[in-house]
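Inspection log for the structure reproduced underneath, given as structure tokens.
From a predicted model like this one, the values you see are computed outputs, not experimental measurements.
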Amino acid sequence: YALIALGYTMVYGIVQLINFAHGDIMMVGAYSIYWIMTTSLMKAIAETQPVLAGVVSVLFAVVVCVALGVFVDRVAYKPLRNAPRISALITAIGISIALEIIAQLVFGSGQVNFPTIVPKVTLFKVGRRSINLLEVLTFAVSVLLMIALTLFVQTTRTGKAMRAVSEDQGAAMLMGVNVDKTISITFGIGCALAAIGSVFYAQKVYYVTPLLGMLPGLKAFVAAVLGGIGSIPGAVLGGFIIGIAE
């Protein structure tokens with residue numbers, strides 16, 4: 001939830017758009033991992049070097065999701081930059097439905113078993129509750145990515161451009177900032193985070209379906225609002241609060 005909420009909050013902070021297709025980007029990431037892990041080459045690698053196979057599959061999902069996010073931004077959202085916000089919101093819902101239907105056409109509407117990327121190892125107990133490696137990694141990766149993203153936005157040239165665009169797109173453009181490129185980079189980063197989140201979520205529930213991203217997408221949106229949408233640490237905190245409460 002925290003990783004998906006980061007994507008929501010970044011896109012909203014830059015273009016004031018609630019990208020309701022974000023959860024379905026996560027679903028695409030999960031299917032990307034499933035597809036590449038079922039190829040003959042990856043099966044052979046997984047038998048001898050499972051860690052390498054897992055890393056390669058996650059990187060593949062990140063590339064697919066980033067490419068998809070940038071493509072959707074350029075094709076669907078860019079023409080609506082100056083349109084009323086409701087137009088972009090309706091478009092986001094339409095993209096969400098389109099991605100779900102395409103996934104059904106390609107993979108079918110039933111469940112497929114998600115491959116094991118992180119070993120199922122219990123590390124310790126809190127009371128009667130066993131804490132496994134997947135949960136610890138989810139927490140650690142979320143915090144590390146939050147810190148990295150905060151530093152990126154606060155210290156890099158691209159991050160400065162993102163903050164300028166979020167403040168005033170017109171003024172940023174006059175100062176030489178490529179607004180469309182900056183927004184595409186923001187979408188790409190958000191989709192990369194969704195792809196990483198798909199690994200942890202899909203392995204937690206053990207399956208992938210075309211509707212996999214619907215519920216976590218909505219909960220991540222609530223998490224982003226709970227933490228103060230537009231705030232990177234707030235999005236992660238909101239995701240943690242909802243996840244731990246569940």
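When atom types are taken as modelled, the side chain of T9 and the backbone of A5 share no donor-acceptor pair closer than 3.5 angstrom. Under the 3.5 Å distance criterion, the side-chain polar atoms of S96 are left unmatched by any main-chain donor or acceptor of A92. Between the side chain of Q104 and the main chain of P210, no donor-acceptor pair closer than 3.5 Å is present.
Closest approach of S57 to I33, counting heavy atoms only: O-CG1, 3.6 Å. Considering all non-hydrogen atoms of both residues, A53 and M37 come closest at O-SD, 3.9 Å. Across I95 and A21, no two heavy atoms sit closer than the pair CG2-CB, 3.7 Å. In plain terms, the two heavy atoms of S130 and E135 that are nearest each other are O-OE1, 3.7 Å. Across all their heavy atoms, T91 and S87 have their closest contact at OG1-O, 2.8 Å. Considering all non-hydrogen atoms of both residues, A194 and I25 come closest at CB-CG2, 4.2 Å.
For the pair F107 and V112, the minimum side-chain heavy-atom distance is 4.5 Å or more. Here the side chains of V153 and R163 are in contact, with some heavy-atom distance below 4.5 Å. Side-chain contact between K219 and V222 is absent, with no heavy atoms from C-beta onward closer than 4.5 Å. Residues T150 and Q154 meet the side-chain proximity criterion, which asks for heavy atoms closer than 4.5 Å. Taking 4.5 Å as the limit, every side-chain heavy atom of I4 sits out of range of all side-chain heavy atoms of L193. In this structure, L212 and V205 have side chains that are in contact, with non-hydrogen atoms separated by less than 4.5 Å. Two residues are said to be in side-chain contact when any heavy atoms from C-beta on lie closer than 4.5 Å; V72 and L68 meet this criterion. Put simply, the side chain of F240 reaches to within 4.5 Å of the side chain of V143, judged on heavy atoms.
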Next item on the list: Start with the C-alpha distance between M173 and V177, add both sets of side-chain angles, then the distance that settles side-chain contact (heavy atoms from CB on, under 4.5 Å), and finish with yes or no.
Entry: CA-CA 5 Å; M173 192 178 298; V177 175; over 6 Å; no
Note to self: With side chain to side chain donor-acceptor pair (under 3.5 Å) as the criterion, how do N113 and Y34 come out once you've worked through the C-alpha distance, each side chain's angles and the decisive distance to 0.1 Å?
What the structure shows: CA-CA 8 Å; N113 293 326; Y34 163 77; over 6 Å; no
Next item on the list: Carefully, step by step, assess K204 and F200 under the rule side-chain contact (heavy atoms from CB on, under 4.5 Å).
Entry: CA-CA 6 Å; K204 183 77 175 175; F200 298 115; over 6 Å; no
Next item on the list: Would you please test Y31 and S198 for side-chain contact (heavy atoms from CB on, under 4.5 Å) and show each step?
Entry: CA-CA 9 Å; Y31 269 119; S198 72; over 6 Å; no
Next item on the list: Verify side chain to side chain donor-acceptor pair (under 3.5 Å) between Y1 and E246, making sure each step is shown before the conclusion.
Entry: CA-CA 11 Å; Y1 298 154; E246 285 189 344; 2.9 Å; yes
Next item on the list: Tell me, with the steps shown, if I189 and M162 meet side-chain contact (heavy atoms from CB on, under 4.5 Å).
Entry: CA-CA 12 Å; I189 293 172; M162 287 178 176; 3.6 Å; yes
Item checked: Working for salt bridge (charged side-chain N to carboxylate O under 4.0 Å, His left out), residues R81 and D180 -> CA-CA 9 Å; R81 291 274 195 261; D180 288 330; 3.3 Å; yes
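Atom OG of residue S231 and atom CE of residue M10 lie 12.0 Å apart, to the nearest 0.5 angstrom. The distance from atom CD1 of I86 to atom CD1 of I90, rounded to the nearest 0.5 Å, is 4.5 Å. The structure places CG of L89 at 10.0 Å from CG of N19, a figure rounded to the nearest 0.5 Å. A distance of 14.5 Å separates NZ of K43 from OG1 of T48, quoted to the nearest 0.5 Å. Here CE of M26 is found 13.0 Å from CD1 of I196. Values are rounded to the nearest 0.5 Å. Distance OG1/T186 to OH/Y12: 15.0 Å, rounded to 0.5 Å.
Both Y207 and F114 belong to a single network of hydrophobic side chains, linked directly or stepwise wherever heavy atoms of I, L, V, M, F, W or Y lie under 4.5 Å apart. Put simply, L52 and I36 are part of the same group of oily side chains (I, L, V, M, F, W, Y) that touch within less than 4.5 Å, one to the next. If you chain together hydrophobic residues whose side chains sit under 4.5 Å apart, L80 and I183 never meet in one group. At a threshold of 4.5 Å between side-chain heavy atoms, the hydrophobic network of Ile, Leu, Val, Met, Phe, Trp and Tyr places L215 and L6 in two separate groups. Hydrophobic clustering (side-chain heavy atoms under 4.5 Å, transitive across Ile, Leu, Val, Met, Phe, Trp, Tyr) groups I232 together with I147.
Ring geometry for Y8 against F221 counts as tilted: the plane angle lies between 30° and 60°, on a 0 to 90° scale.
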